[in-house]
Each structure stands twice: as C-alpha cells, then as structure tokens.
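Step one of this worksheet: look at the structure below.
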Amino acid sequence: MCSGGGLFVAYTGTSPFCLLRLWDLIILMERFYWVRHRCLQLISTDRRRGWYSPPSSLPAKSSLDAQDPLVQRLTGKRRVVVSRCDPHQAEYHKIKESQQSCTRNKVQTTKYTFLSFIPKNLFEQLHRFANVYFAFLGALNFVPIVNAFQPEISIIPIVFVMSITAVKDLWEDQRRRKSDQKVNNRLCEVYDRKQKQYVERRWAEVCVGDLVRLSCNEIIPADMVLLHSSDPNGVCHIETANLDGETNLKQRQVVRDLQQQGSEFVPENYSSHLECENPNNDLRRFRGFMEHPGKVRVGLHSENLLLRSCTVRNTETVIGIVVYAGHETKAMQNNSGPRYKRSKLERRLNMDVLWCVILLLLMCLIAAVGHGFWLSGRQNPIYMIPDDTHPALAAFYMFWTMIIVLQVLIPISLYVSIEIVKLGQIYFIQNDLDLYNPVLDTGVQCRALNITEDLGQIQYLFSDKTGTLTENRMLFRRCTVAGTEYPHHENGQFTSQQPSKYTRLILWVCHSIRIRECAVVPDPQLQARLNTLSSPMCSPLRQQAAEISHILDFFLALTVCNTVVVSSPTQPRHMPVVRTPLRSLEEMKAMFQKLSLPRFPSSPSQNTDTPPSLTKKLFTRDNSADESESDDEDEAEELLYEAESPDEAALVQAAKAYGCTLLGRSPEQVLVAVPGTGPLSIPLLHVLPFHSARKRMSVVVRHPLTGEVVVYTKGADNVIMELAEAAEDGFCREIMERTQRHLDQYAREGLRTLCVAKKVLEEQEYKTWLKRHEYAETSIENREELLLESAERLETNLTLLGATGIVDRLQEEVPESIEALQEAGIKVWVLTGDKQETAINIAFACKLLRPTDHILMANCDSKETCEARLHELQHEIRQVTKEGVSEDDSSDCVLVIDGRTLDYALQKELQGSFLELTCCCRSVICCRSTPLQKSQVVRLVRDKLKVMTLAIGDGANDVSMIQMADVGIGISGQEGMQAVMSSDFAISRFKFLRKLILVHGHWCYARLANMILYFFYKNVMYVNLLFWYQFFCGFSGSTMTNSWVLIFFNLLFTSIPPIIYGMLDKDVSGETLLDLPDLYKSGQNSQAYLPSTFWMNILDAFYQSLVCFFIPYFAYAGSDIGVFSFGSPINGSALLIILLHQLIESRTVTWIHTALLLFSALFYYVFVLLFSLTCVTCNSPTNPLGIETKMMSEPLYFLVCGLTTVLALLPRILCRAFCSTICPSDLVRAQKMERLSAQDYYMSLRQWKENKAAQRLSSRHVPQNLSVNADMPHLTECIAEAGAVLS
C-alpha cells in the first residue's frame, strides 16, 4: 500500500510483477481462469473482439452495466487505475481487496547485493564452458589418485581469471548502483490526500496511480497520462533526448473531455477511471481508454502519455496520473544494455577450441595407453612403490592425470584477452578524428562491443537512400497543380539573406528540421495566378474557378496536412492570437454564396469563369489597412518549423513562399495565413498520421468559410493515384494523365515526388465514419488494425490536386565511398521506398550505376509473371556470359526491382531463382520497398548465401533491416535517432563508412585473427613439451618443470604481448588501405584465419616443440643433471621462441612492442631466479632451490637456448621470405610499396590501379545496348540526365 494521496492500481491479468509474489498453486489457478476466459471469448458470438463486439454493432451500454464492472475489468489482461479520492468508494475497496500491493517507482539496475554477489557471480561465470572446464580440472586435482601437482596451484589459473572478471562485474555494478541512487533520490511533487496539497517526494516513493505535478524543464519520473496543462489549448511539449536521442520537441495533449481543463485542476474532483494495456516496451504505442462519470469513454493514445526520462519543455505546469512506474515504464523496458552478437570469428574460434579438446583427449589417451603398457612390461621394479592397481585401471587414472597436466592446451586466458583487445579496438575507433563530425560534434558510437572484427569481413552492404546516401535536407523544386506544371526555374539558389544568430546556433545542433539553407523562389506564373486574388492593383487573367480552387486547396493542403510545430526564437511554442481578417468570415461566406464561387468545391468539374472584377470586389483594401498590415509584417518574428521529416518542412516552407503561412498549431485548430484573407483559424477535427502500410497521411478539417468537412491527403504518388481513380470523370482523367507525365519527368530528374488530394464529406457521411473511428480509438485490442481500417475507409474517392517535386542533395564523398566499397569486393544493394526512376537517377549520380552497366528491370503484376521474368533475366545473363563475361565477374549487371515484384520474389517458391539472379549482378536496387521487405531481403541473403551482411540507414523504417544484418549501422541524420538506438555502430555521415570498414574493419579482423592463432600456437607448443617428456618418464604424468612455472608460463609470462599486438599491430597503413580497396578482400575471404592456417600453426607448434625438447635432451644426454635442471633450458628456449615468433608475425614493431617483449623475458628470468633462490618447499615434495642459478652459470645453457631458438624459428622465417619473394600477396606487395619514397610510392600506386583496371576490363563484356523493360521506355533518358540534378 502506498502512502500519501496516491491512487490504487489493479492488474486485470497475469503480470510478471504478480507472478513473483504468488505461490505455484495460485499461478496455476490464475492460468486456469485465464484459459477459461479466452475459451469463453472464442465461443461467444457477441464478444469477438475481447470486450467489444464487431464495429458494425456496438454493444449497448446497459449490457455492460448489467454485470459487475469490477469483474469485467478483472477478466482481461489490462490495468485499472481508480483514485483514492474517487467518490465511488465501494468499487475502490473491491479493487483494494483484490490487490495487496502497488508498484513503486524505485528502479534497481544492479545485479548483485552484498550477500548475493559471490554466489550469483560464480553462477553466471560458470555458464562459460571454459570456466566450467578449468574448475572441473581444479577440483579433479584434489583427488589424490589422479592429481598431478599441488592442488592449490592447480586452481590458480581459474581463480585468477574469474577474479578479474568478478572485479570487472563488481565495478560495473557499483557504477549502476550509484546511478540508481541518484535517480531514485530525485524529487517531484505528488498530491497527498491527507494534507490536501502537493508535497515533495523522492522518485522511489512514487506509486502507480499517484497524481504528479511537474514544471517546465523537469524530468518526468514515471509514465503518466496527461490530465492537465497550464497551456490553454491543453498541450505540452516534451523532449525525448534521454529516451531515444531525438531533440525535436514532441507535442502531447490532455485527455479529451476532461471538464477541469482550462481552470485549476482539483484532484478531489477527478473521478474518471483509467483502463490501459499492461506494461510493454513499445515507445510509440499506448492503448487504453478513460471512462468519465457519465459513462463516456475516451480513447487514450501515445499523444496522451508522458514517458519517464523525458523533459517537460515550454509548459509552465502539467499534472498527470502515473500508469507505469519503476521497471514497468517503457524507458526501463527498453533499457536492455549493450547489444550482444556473436561474431563470425568467434564462431570459428569455438570450433577450433573443440579441435583442441579433441587433440587434448587424443594426447591423454596416448599417454594413458602408454602408461598401461609400460606398467605391464615391468614386474615389481625396485624404483616403484608396490601397488596392487591393475595396469588398465592405472591407465584410466593416468588419463585424468594427463588432462590436468596438459590442461593449458585449452587457452583459458584467450577469452579474457579477446575482451580486452576488443575494448582497445573500440577505443581507437571512437577516438579516430577522421570519423569525427565537428558540425554535429559527434564521432563513431560503438554500441555492440564484440563484433568489431566483423567490420573486416563484410560481403554485402544494404543501404537506405534518403538520409543515408543523400542529405535528407529537402528543397522544394517544382510542382504541378490541376495538370499545369510550374517548373520554378529560379528555385534552389541559396538565399542571400544571412540566417539569424539563433538559427545558425540550432541549425546543426538540433536534429529537428529547421530549414533555412535554401530559399524557395516562387514560380512567376503560379505567383501571378495567386496575385489575381490577393492584389487589387493587378489586372487578373480570366481563370477557371476550378483551377483557382485547385491552387488554393493545393497550398492549403501543404500548409495543414502535416505535424509541423511552429516556434520562434523568443516563443518556441507559437500560437499567435488570430487577428480579424480584412473582411469578416460571415461577409466572405455571403459573397462566396452570392457569386457562386466554388472555392472549395465538392467536384472540380465545375467550370465557372471568374469575373474580372471579382478580386477587387472580394479583396479591395484601403490604404490604412495596407500600412497597418505592413507594420505588422515588419514586426513579426521569424517563424521556425520543427518537423518529424524534412519533406514536411520543405512543403510548409514552399507554401509559405506563396503566402499560405502556417502560423500556429494546437490539437484543436491550425492557424493559417491565406493570401487575400489574412489569418484563418481552421478547426482540426482529426489527424490520420503517416503509416508505412498506407504510405500517406491525412487531416480532417472544417473549413472556416464554407463549414464543410474536408479531408486533405498527401502521400506516395502511386498510392494517391490509385485512390483518385475511383473518382474519375472527364476533367479529372485529363488532370491525372498530365500529372502522371509530370511525375515521370520529376522522377527522371531524381526528385522525390509526392501527390496531394482532397475529399469533401457530407455531414451524414462524416458522422457515420466518426462513429466507427471513435470505436477504433477507444479499443484496446487490435487498435492499430481498426485505426488503419478507419483511415482507409475515409481515404477513398479522392480528388487529385497536384504533385510536388523535392530535391535531396547527395552527401559529400558518397560516389567515392561507394566506388571504393565496390572495388573492395562488397556488393552494394540500395533498398528504398522511392520510385524506380528516382532511385536509378540517384544510383547513377553516386556511381552505383555506370553508363555501361547492363540494367535488368523486373516489374511484374503476378507471381507467375515474376517467375517467368526471373528466368528470362537469368537467360539474358547467360547470353551475356557466353559473349565474354566470366561467371565470377558480375560487374556489368545491375538488377532493378520494384516492391510488388519483390513481394513475389521473396516467396519461398521463388527465393532460389531470385538469389541465383542477384548473385550474377554487381548490385541490386529495390524500389518501393517497405520496412518489412527490407528486413526480409537482408535475412534471405544472410541465411541462404551464408555471407556477412551490413545494413545502414537513418530512419525508423530502417530499424528492422539494421537489426537483421550481421552488422547494423545507424546514421544520426534528420529522421531522429531510432536507427542509431537500434544499431551496432553509429556514424554521422555515409562517407565515414569507407574508413570504418576498409581501415578499422581490416585492422580489427587481421589483429584479432592473428592474435587468436598465436594463442593456439603458443599453448600447443608449450603443452607438447610436456607431452614429449612422457615418453621418457613412463607416461607417469611427471613434468620437467616446477608447477609454478608451468601454471604461470601461459597465464603471465606470455599473455601481455599478444594483447598489445591485437590492439596496435598494423599490417598496412590506413592511407594505403584507402588508396587500395582491393586489400580488403583478404578479410572477406578470411585469409588470416583459414582452417588451413590454423592447422599450419598447429604443425609449426609441433615442430618447434620437437626442436625445443630434443636439442636440450641430446645436449645433456649422459649428464647427471636432475629433472628440473633438464627443464630449465627447455623453458628458457620456449620463452624466447614464443616471444620471437610474435616478433616475426608482427607487421609493426614500435617501442611499445619492444618494451613489452623485453619485459616478458625479464619478468620470467627474475621470477625463476628469485624462485630458485628463496623457495625450498614451494614445490613439494621436490626442492627447486639453486637449480636455475646453477644452470644459468654454465655457458652450455645459453648455447642450447640460442641454438634451439634459431632452429625452431628458421623454417617459419624461410617460408615467409619465400612466399614474400616468389608469390607475394597483395598485402605483402602493399607493405613493400610503403617502404618506397613518396614519389615511387605514388608511381607504384598508379601502376597498381592501372593493372587492376586492365584485369577487370579484360574479363568484362561491355554491352552495346541496355536491357530496358518495355514498361520503362523512358529509362534511357535517365542515363543522359544522370547526376544533373544533384549538383
């Protein structure tokens, strides 16, 4: 029970919070009742939609009242909030009895407590197979019959590694604890029923259902439904930067029909009931309803919800009721921490670890069998303690003893070393100044900590177009209205007027769209037509009333049909007072009716001539009015538009250039300045937001002059054209045909096209639609589907007004980046929602397409046609192949496929044919593709072709594609931060992808692959020394070195140099990797870590171990040295061989590498000397005192170590020299180039590129004619015009 004046919450279904507090029996009963409830729903004929019947027959209110309302609420999986101040105390006490506790707002992201840290951390670490393996061996060594050396020493490696991991986990958990305390101790104002006022409480003490009052710039403590705002329009603005990184303000509004809005909120008078869905992690969805005392239900949407961690802006006071608190809030449900993916190299590593296990078992088996035979061949030797153990059983025991002895064959420190190396690689990537954007003050963000090496193995790159390849800073270029095209020849020039200081400050800092870069220069012809209405000094041309109506409607739709928020430097939330127009609205209505001017006609087919004097009659102004208006304009503040997409801002700016200015917006109205009338307040009835399935948005308004209900719609041209076809008549058909020709021309010029339409509703038609729409809004189950159906039901029989063409400039260095990525062997696919012509034009401009490319078009209307077309294109490619193109070279073929055809191609029956076709193409362009199709394409290529994929995008529609790829990269662009929040890496410009992949990706892969191979090599090499010794000690499990050196050799003496090697080694410089993208192919082909490379390292380790063991053996043969004395030169030689082996493998030797190698050698010798001088019982039962000092005092020791080291490393040195001289790889050739002088280097570089180009041309057939689909006769024009628009 919460203290203070909180409210009470009841769960109406099974939730994780409840399950933690119920016994198993109660859980079973809960599930039983839930299953029973679902069964009753399924068999009921009047409850097909949960609580609701189908929309065709809404349930009567009495039918719900006839049953117990509490029981009704407790049957579904929903949440009810009832106020303690609620006058309906009986219902309150019922709910109180059903729920014994309430959810508090305290958050705890820590994993451990003081008592649970050790057991819980041990449990988590033992989930790793390597830790379980070494813990098992440590425990096994405590068994006397199989132990190999002191049990305490055997557990040192696992204790050391797990202690390091535990300290790291404890440090991270302590950081989380401090952060939690800081958050939980924040203060906010909560209403206390007993004190009858708002009191300060800690965030942790806030309960679900409390009434919370917040002021401007305060952070929201929990998810709350907005009940009151100091704004007279019932709105407030929040900034969600703490939640999703977006800095543009989001508008939230008070729940409709709350009686207290506009006056002071009195908590005791609040008696509404709130019912909503259970907690979930969907930031953009909130479903529920609020039931007012009059049994009136009002739907709740995401616009009514204030999310935790957001900040209140531009609103003096807001009051809300908490619906989700603590870990139930959407912010906490989305707080999943860093992304974890398994890299390709890690999967390969796990396989090689299994091979090492098999090798270990084989060596132990050999030792066990050898020990059994050795015992069988000796009958009671005098040097053995008598034992009755059978040789077979002794061999079994020896098998486990040898596992303990040879345990270091499995590199226990490898996994820790890999984590350290990856952290170092991430540090260098994030601090690369070449990847830093000074304008946005952002660099690279590495959000996934364990797939850096995957950047060096990318084979397929899937890219969005808008905002990824282009700037996503839109400029209105041209438009067509009522079938007349207005080219705007002077448009697109930079404005000579300097932006204000405030505008310059926020232009790049904010991610919201404030377009001030480019001025919109009105088209003279279109401006003249508008002036005939607004200027009395202009002699108007004779215009058809329908055309004038289209023009006004067109610009009014651009102004109103959006979600743009108007702000200014001094007043961010801008809703100016409506000034009285020059003529009153009643007077203008009367004139419209009297003169029969169909300014907003139901049908544009009306063709009434406009009298020449009409404009002067309607809009004659006296001089005083002109002067006052001029003064007002001079004093007016500069308007700033904040939009969720650049398209909206560009269209609003274009309408403003023609005098249709968006002055302000509230949930109920839009203030617009229309030419000739002054500011008009347009009642805003409904906003049907953009949806990826509908590909359009609409607004429903009531026109202030005619009083008609008008629907304005804008969206994708193909969608709007289909919706307008149903309303075709002769006049509309002609307009649509001309508009379609203009749209095709815009697309060929690379412009983004958008169609604008309208629909006038009769009152009865609107009321019928409104009834169903309100039902959809108040539904909890299937709300999205119902709202989608409602919107589609309204957006029919549209009247086409016109279309717009918007230019989106290409980002800098995009052509060079794509060209370099293709030279690196990466296949680049573009997945975009734009038209084919637009996508093709952009592809030419960014060098994804070349004029000599063989373009394959796929536009089909059915599955059968698609299948036939795919086979046809495959046959066409085979024909081209016969004429000179090899199967491996697909550089001349590019597939262009539209969204409908892609739907068919992604079906299971056609996936094989589609993939076979794409494998023969250098690139693929998917047009009109939906977010779902993007993710399906990525998954298909990734899973079927078994290739490494990368997806890059900047918008919410790219999130599914980014998450589906092996590596996802988000661009912090103009469409918010959704893509960044879902990505593995985040960059600010596409050009940074070039160095991120070609340089850092290559380095990360090469470094990590070589380090892993080195770890395997040194472990196998050292373990084999112990294995060879078994042949000379009766396979007894004895070792020729003390257990301390045996344990520390791989754990300490030789572990630090490879870590630095994995972070700092450079086989080729970054400049050379950028100049020669071909070098990236070594990573694509996994040349640094092939199975053959792994086994060659293992064989080399076997050879070096043989040399390292038998040279000292023969050198000291016949002498009287002891076992540990024999092991001393072996250990010394092994250390030198392993360290110098790394020096040979290193491509970069700096003072850091040299210092660490010397430190490792000195550390070993200092340790063994001190050990030899001080330890007497350190290696019981043997005594190592004085052994190392005696051996190192003899010249033979150093002679043996030197000769062993040279002979062991000589084959590797000779092999490397032979390969580098006789058949050098591209990497070796590049390394040799770097040693040349600057002049010789650039000459060699130019010769390299010429040779590569000649090789490509020699294997490429250049087609004489492009393959153009018959449905695309204008495609050849795109080639000639490519790149012209993107200058």
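These numbers were taken from a predicted model, which means no experiment stands behind them.
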So Met290 and Arg297, do their side chains get closer than 4.5 Å, heavy atoms only?
no
Ser215 backbone acceptor or donor facing Glu218 side chain under 3.5 Å
yes
Just wondering, more than 12 heavy atoms not from Ile118 lying within 6.0 Å of its CD1?
no
Might you work through the side chain to side chain contact (heavy atoms under 4.5 Å, CB included) test for Tyr324 and Cys276, ending with a clear yes or no?
CA-CA 10 Å; Tyr324 305 131; Cys276 62; 3.8 Å; yes
Is there side-chain contact between His773 and His686, with heavy atoms separated by less than 4.5 Å?
yes
Side-chain ion pair, Glu124 and Lys111, N-O less than 4.0 Å:
yes
Looking at every heavy atom in both His292 and Arg256, which two are closest together, and how far apart are they?
NE2-O, 3.3 Å
When every non-hydrogen atom of Val208 is compared with those of Ala325, the smallest separation belongs to CG2-CB, 3.5 Å
Would you say Lys106 has more than 12 foreign heavy atoms packed within less than 6.0 Å of its NZ?
no
With side chains defined as the heavy atoms from C-beta onward, is the minimum distance between Ile220 and Leu214 less than 4.5 Å?
yes
Short question: side chain of Asn105, backbone of Gly326 - any donor-acceptor pair under 3.5 Å?
yes
Distance-minimising heavy-atom pair for Ser983 and Ile962:
CA-CG2, 3.7 Å
Indicate the atoms forming the closest heavy-atom contact of Val190 with Val212, along with that distance.
CG2-CG2, 4.2 Å
Asn281: side-chain contact (heavy atoms from CB on, under 4.5 Å) partners, not counting sequence neighbours:
Gln333, Asn334
For Lys250, is there any backbone N or O sitting under 3.5 Å from a side-chain donor or acceptor partner on Glu239?
no
Going by heavy atoms in the side chains, are Asp231 and Cys236 under 4.5 Å from each other?
no
Can a donor-acceptor pair be found, under 3.5 Å and without considering hydrogens, that links the side chain of Asp192 to the backbone of Gln195?
yes
Find the distance between CG (Leu423) and CD (Glu419) and round it off to the nearest 0.5 Å.
7.5 Å
Would you call the rings of Tyr270 and Phe265 parallel, tilted or perpendicular, where under 30° means parallel and over 60° means perpendicular?
tilted
I need the Ser302 OG to Arg252 CZ distance, nearest 0.5 Å.
6.0 Å
Once you round to the nearest 0.5 Å, how far does NZ of Lys330 lie from CZ of Arg308?
14.5 Å
Working to the nearest 0.5 Å, report the span between CD of Gln125 and NZ of Lys120.
13.5 Å
Quick one: do the Thr109 and Asp180 side chains pair a donor with an acceptor below 3.5 Å?
yes
Any non-hydrogen side-chain atom of Val254 less than 4.5 Å from a side-chain atom of Val235?
no
For the pair Arg287 (side chain) and Leu300 (backbone), establish whether a donor and an acceptor sit closer than 3.5 Å, ignoring hydrogens and angles.
no
Flag side-chain contact, heavy atom, 4.5 Å: Leu306 against Ile238
yes
If you take all heavy atoms of Leu187 and Trp203, which pair is closest and at what distance?
O-NE1, 3.8 Å
Counting distance only, does the side-chain N/O of Asn185 pair as donor-acceptor with the main-chain N or O of Gln181 below 3.5 Å?
yes
Any side-chain heavy atom of Val199 within less than 4.5 Å of one from Glu189?
no
Once rounded to the nearest 0.5 Å, what's the spacing between atom CE of Met224 and atom CG of Leu211?
9.5 Å
Asn280 (side chain) donor-acceptor with Asn278 (main chain) under 3.5 angstrom:
yes
Check the pair Ser988, Leu440 against side chain to side chain contact (heavy atoms under 4.5 Å, CB included), reporting the backbone distance first and the verdict last.
CA-CA 8 Å; Ser988 58; Leu440 296 178; 4.0 Å; yes
In Å and rounded to the nearest 0.5 Å, what is the CG to CG distance from Asp954 to Asp958?
6.0 Å
Treating Ser229 as the side-chain partner and Val318 as the backbone partner, does any N or O pair qualify as donor plus acceptor under 3.5 Å?
no
Determine yes or no for a side-chain-to-main-chain donor-acceptor pair under 3.5 angstrom, with Asn304 supplying the side chain and Gln253 the backbone.
yes
Could you tell me which non-hydrogen atom of Glu328 sits nearest to which non-hydrogen atom of Pro279, and how far apart they are?
O-CB, 3.5 Å
We want to know whether Asn184 and Arg202 form a side-chain donor-acceptor pair, criterion being a heavy-atom distance below 3.5 angstrom.
no
Under the side chain to side chain donor-acceptor pair (under 3.5 Å) test, residues paired with Ser179 that sit two or more places apart
none
Worked verdict on Cys216 versus Glu316 for side chain to side chain contact (heavy atoms under 4.5 Å, CB included)
CA-CA 5 Å; Cys216 186; Glu316 184 179 348; 5.8 Å; no
Phe117: what forms a side-chain contact (heavy atoms from CB on, under 4.5 Å) with it, not counting sequence neighbours?
Tyr112, Asn121, Ala166, Leu170
If you draw the axis of the six-membered ring of Trp171, does the NZ or CZ of Arg175 fall within 45° of it and under 6.0 Å from the ring centre?
yes
Would you say the side chain of Arg201 lies within less than 4.5 Å of the side chain of Asp210, judging by non-hydrogen atoms?
yes
Please test Ile321 against Leu274 for side chain to side chain contact (heavy atoms under 4.5 Å, CB included), starting from the C-alpha separation and ending with a verdict.
CA-CA 9 Å; Ile321 178 174; Leu274 187 150; 4.0 Å; yes
Check: His327 side chain, Gln108 main-chain N or O, donor-acceptor pair, under 3.5 Å
yes
